[in-house]
Amino acid sequence: MSKKYILEMFPYPSGNIHMGHVRNYVIGDICARYHKLKGDEVIHPMGWDAFGLPAENAAIQFNTHPQDWTLKNIQNMKSQLKKLDLDLDWEKELSTCEKNYYQCQQELFIDFYNSGLAYKKDALVNWDPEDQTVLANEQVIDGKGWRTGAVVEQKILSQWFFKITNYAEELLHGLDELTLWPEKVKTMQKNWIGKSIGAEINFEIFEKNDQLNIFTTRPDTIYGATFIAISVNHKLVGKYLNNNEINNIKKTFAQSTDEKEKIGFLTGIECKHPINNKKLPVYIANFVLDNYGEGAIFGCPAHDERDYEFAIKYNLQIIKVIECDDDQLPFTQDGKLINSPLVDGLKKTEAIIKITNYFEEKNIGKRSINYKLRDWGVSRQRYWGCPIPVIYYEDGSYRVLEKSELPVLLPYDVDLNGKGNALLNHDNWRKIICPKTKKIAFRETDTLDTFVDSSWYYIRFLDNKLGTPFNPQRVDEYLPVDKYIGGIEHAILHLLYSRFFMKALRDIYKLKVNEPFQQLFTQGMITHKTYRTQKNEWVMPKDVISDRGKLIRDKTRETIEEGPSEKMSKSKKNVIEPDEILSNYGIDATRIFMISDSPPDRELEWTDEGIQSSKNLIRRIERYFTINKTSLKEDTEKMVEKFVNNIEKNILNFSLNKCVADIYTLFNYLEKEKIYLNNNEISKKILICLHPIVPKMSSNLSKRLFNDDIITKWPNINNMLLIENSINLPIQIQGKLVTTIETEKGYLEKDILKSIYKIDKIKNKLHDRKVVKIINVQDKIINIITD
RNA sequence: GCGCCAGUGGCGGAAUGGUAGACGCGCUGGUCUUAGGAACCAGUGGGCAACCGUGGGGGUUCGAGUCCCUCCUGGCGCACCA
């Protein structure tokens, strides 16, 4: 018996499940049920990603408590999930807001700290003014908060970080092992990690006992350097400019309306070119990123578009060091180096090696690898999260608690109406006497990013009631998750964090597992047409009716305009409520529709016709099995065997839309040929194969027909029955199809040619042409080549 | 700009380099009516035909929707990453 850990991304308990959840969980359920019937030891748990801001917002809005709100939602969503007939291991259920769970997470935090993977530093952080909290780099999209869409501000705060950068290289290389992950997700992670190979160069500063480090991927173009540019947040800026000047520069940068406009300010300092000692002016420039590399660049205008634009604007020298025409500047392609005494005549790769070696010899630079990936900032200034197990003393020093001092419980009695973090305002909770030193101390009031919660829940499922986070032996036995199914929106955040966690825990606990998820399947979203009134009000699909060929709003009879199909969203009101669908069409039809119209990894458009025809199919199968007689044909067994084989293959490939086609094909055949199976053994096979997809109908029918639970074991396939003896052989002339002939497999080429040449169509085509060659792909095709 | 993915009937989609369009939706005609959110039968890529058809153009091959090159279009991701 082999284990199969099948997992769907656990939901945030927002109150109600939506169609996206239904699709996600139906896909996983089909898979899990299939493997169970195959006799595998299936783990298929479900839980709740229960911490997070919406609970706090709801608490304020509805005058409730985040915990009460969350627990109530969980209860409701659980009952909704139960209606979907999902075969879940409910005894493994967990919720990240349970004391049990977050206490373990506090233990992990302590482990991380003791291993040097958690640390605190002052950092320029992304501040989401709406949520009043810090966001990780990954959580800022286009300068806006991933959840709120508010423009993110920069603030300096003392924050906890996880050292994900320790694993940058392994996170990158590990992607190669993940052969069952979508390429797309791997590419996104690769780009996010952003590895660049180059060199670090130290520039001396004239007349100051100071130096400036620069990371570059193009040390070969060093002779073309004509200026230096640094970020306004670079540490040298504070040294040589006063606050007033710095603020003015920042202001000017912020006021620029064109994001790509290059703006620079001279600092007054100059760097020494590391080879020819020329003076290079140092600018503060808005296009230099402070969180990448060293926050400084050398400008080589002839061979970099940005530097070129900057040099033109500030009238800086442009020195060509790669052979090209002047009108090709900036020339960024590979070429032969010129005006570079050390590397003249070389190509880029060789020049890079030679220059870097030179720097290393002279001790003015070295080979360097740079990653875009930053350490993961995990502090959140919010109440409804896992408290960070740290206390601070009055002198500003802090102590990470010991495991024996856990848990740090979230207080229930909080005032959420105040500004900022409710924990910070809760003096009774915050102020303590340190049990070790007996000194006055204050608890850390930041809580952990909820992405921490979801970085290890798949491990916790294995032993959800254990006093420690997990049992290492069981982790090695049951991880990785064999099939992980969820939305692609987690391609970077959740999936990268989880991979980091798995590797960190592996190193701390000496586990064998390297990657948390062996196969990743990203299901597509569900879309629906959008409807709006002429006043631009969105209208829900169920409120739109057709009236003499026109769409109108049911209640007000306003004219409705139909818009394109878009992802179901509350804001556009193009949502279909699972509860209503389930009560109108039933669970089996809903499950069928979730997989029928498109492959599971593509988007699925919700249509009334689609759900209706799914329902019709269910009724058709039920009707078929009411026919109380038995009549078989010679090839019936064969057809059913093919059906079993196809369903199995298609479930394993996640080609679930083809499973639906297989079902139609089978019943089209049975009905057309007037074959009735009644309670024949063949019916058993069919019902078992239908079971993963439509479990309710399959169970009901099997009870009715067999008075017994026959859904126990997936049928063994008799390969002999899959072999086709007679085939329809295509005959081509010059590679073009002319006709097909019925024949037995294993025909002799010369025999079959005799009968082919007798066919009129062939005779006519060939008439006086000479046959020069016969391509016979045995049992597949015959191609006649003429001159 | 860079990267990835995808372009197949009216629509959703099938096709280990070997009969393009499985299966479904829709549509057309018909049947049955205990008028249904039915069901059943026949048909449904284009063209009267020979033939032509998988975004355009090249190529490889006996044979290309599938492989290679190139261009176009659309989607997604990243984006001043030095």
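Numbers restart at 1 for each chain; the letters A, B, ... are given by sequence-line order, proteins then strands. In this text, all values refer to a predicted model and were calculated from it rather than measured experimentally.
- Across the P atoms, B:rA50 and B:rG36 are found 46 Å apart, a figure rounded to whole Å.
- For B:rG24, neither phosphate oxygen OP1 nor OP2 lies less than 4.0 angstrom from any side-chain nitrogen or oxygen of A:Y664.
- For B:rC23, the base has no donor-acceptor partner in the side chain of A:K658 [N/O atoms by modelled type, under 3.5 angstrom].
- Legend: residues meeting salt bridge (charged side-chain N to carboxylate O under 4.0 Å, His left out) with A:D635, ordered by chain and number and at least two apart, are absent.
- You'll find that the side chain of A:R623 is closest to B:rA39, out of B:rA39, B:rG18, B:rA82.
- To the nearest angstrom, P of B:rG36 lies 19 Å from CD of A:E609.
- Side-chain proximity of A:E671 to the nucleotides B:rC40, B:rC80, B:rG18 is greatest for B:rC40.
- One can place CD1 of A:I621 at 13 Å from P of B:rA39, the figure rounded to the nearest angstrom.
- For A:E305, the CD atom counts as loosely surrounded, since its 6.0 Å shell holds 12 or fewer non-hydrogen atoms of other residues, nucleotides or ligands.
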Check: protein-nucleotides 4-13 of chain B nitrogen or oxygen pairs below 3.5 Å:
from: B:rG12; atom 1: O2'; to: A:D597; atom 2: O; distance (Å): 2.3

Test side chain to side chain donor-acceptor pair (under 3.5 Å) applied to A:E744 and A:N725, step by step
CA-CA 6 Å; A:E744 293 289 306; A:N725 287 323; 5.7 Å; no

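- Taking atom P on both B:rC62 and B:rG74, the two are 38 Å apart, rounded to the nearest angstrom.
- Closest to the A:N668 side chain, of the nucleotides B:rG24, B:rG18, B:rC80, is B:rG24.
- Checking the phosphate oxygens (OP1, OP2) of B:rC41, no side-chain nitrogen or oxygen of A:K672 falls inside 4.0 Å.
- Between B:rU61 and B:rA42, the two C1' atoms lie 41 Å apart (nearest whole Å).
- Comparing A:N728 and A:D307 against RNA chain B, the residue whose closest nucleotide sits nearer the 5' end is A:N728.
- Atom pair A:I488:CD1 and B:rC78:C1' shows a separation of 13 Å (rounding to whole Å applied).
- Using atom P as the reference point in both B:rG10 and B:rG47, the two lie 10 Å apart (nearest Å).
- For A:Y371, the ring pair (Phe, Tyr, Trp, His ring centres under 6.0 Å) test picks out no residue, with sequence neighbours left out.
- Rounding to whole angstrom units, CD of residue A:E309 and C1' of B:rG1 are separated by 13 Å.
- The gap from the P atom of B:rC11 to that of B:rG46 amounts to 12 Å, rounded to the nearest Å.
- Side chains of A:E605 and A:S565: a donor on one and an acceptor on the other come within 3.5 Å.
- Closest to the side chain of A:Q612, out of B:rG37, B:rC40, B:rC80, is B:rG37.
- Using a 90° window around 0 for the glycosidic torsion, B:rG57 falls outside it and is classed as anti.
- Against RNA chain B, the stretch residues 639-648 of chain A makes no heavy-atom approach under 4.0 Å.
- A sub-4.0 Å separation between OP1 or OP2 of B:rA39 and a side-chain N or O of A:N616 is present.
- Counting only heavy atoms from C-beta outward, the side chains of A:N657 and A:I595 never approach each other to under 4.5 Å.
- When atom types are taken as modelled, the side chain of A:S340 and the backbone of A:L337 share no donor-acceptor pair closer than 3.5 angstrom.
- Nucleotide B:rG24 holds its P atom 17 Å from the OH atom of A:Y669, rounded to whole Å.
- Atom NZ of A:K674 and atom C1' of B:rA39 are 13 Å apart (whole Å).
- Within a 6.0 Å radius of NZ in A:K372, other residues, nucleotides and ligands contribute more than 12 heavy atoms.
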Pairing pattern in dot-bracket form [Watson-Crick, G-U; both distances under 3.5 Å; | = partner strand] for RNA chain B:
(((((((..(((.....[....)))((((((.......))))))((....))..(((((..]....))))))))))))....

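- Taking atom C1' on both nucleotides, B:rA20 is separated from B:rU70 by 25 Å, rounded to a whole Å.
- If you take atom C1' in B:rA15 and the same atom in B:rA22, they sit 8 Å apart, rounded to whole Å.
- The environment of A:K313 atom NZ is dense: over 12 non-hydrogen atoms of other residues, nucleotides or ligands sit within 6.0 angstrom.
- Rounding to whole angstrom units, CD1 of residue A:I733 and C1' of B:rG18 are separated by 16 Å.
- Annotation: cation-pi geometry satisfied between A:K262 and A:F287 (NZ/CZ under 6.0 angstrom from ring centroid, within 45° of ring axis).
- Comparing atom distances between the A:K372 side chain and each of B:rC40, B:rC25, B:rC78 picks out B:rC78 as nearest.
- Judged purely by distance below 3.5 Å, without hydrogens or angles, the side chains of A:E648 and A:N646 never pair a donor atom with an acceptor atom.
- The C1' atoms of B:rG45 and B:rA14 are separated by 15 Å, rounded to the nearest whole Å.
- Closest approach to the A:K260 side chain among B:rA79, B:rU16, B:rA82 is made by B:rA79 (side chain taken as heavy atoms from C-beta onward).
- Taking atom NZ of A:K736 as the reference point, atom P of B:rC51 lies 8 Å away to the nearest angstrom.
- Residue contacts shown for A:I785 are limited to sugar-phosphate atoms, with no base heavy atom under 4.0 Å away.
- Nearest heavy atom pair, residue A:L178 against residue A:R499, reads CD1-NE, 3.8 Å.
- The heavy-atom pair separating A:Y314 from A:G264 by the smallest distance is OH-N, 2.9 Å.
- Counting any heavy atom pair closer than 4.0 Å across all strands shown, A:F298 reaches no nucleic acid atom.
- Nearest-nucleotide positions on RNA chain B place A:N584 closer to the 5' end than the other of A:N584 and A:N783.
- The one candidate from A:D597, A:I611, A:N574, A:T527 that meets the side-chain contact (heavy atoms from CB on, under 4.5 Å) condition with A:W606 is A:I611.
- Nucleic acid contact for A:K773: none, since no nucleic acid atom lies under 4.0 Å from a heavy atom of the residue.
- Screening residues 215-224 of chain A for side chain to side chain donor-acceptor pair (under 3.5 Å) gives A:R218-A:D220 as the qualifying pairs, with residues at least two apart or on separate chains.
- When distances run from any side-chain atom of A:I775 to the nucleotides B:rG37, B:rG18, B:rA82, the shortest one goes to B:rG18.
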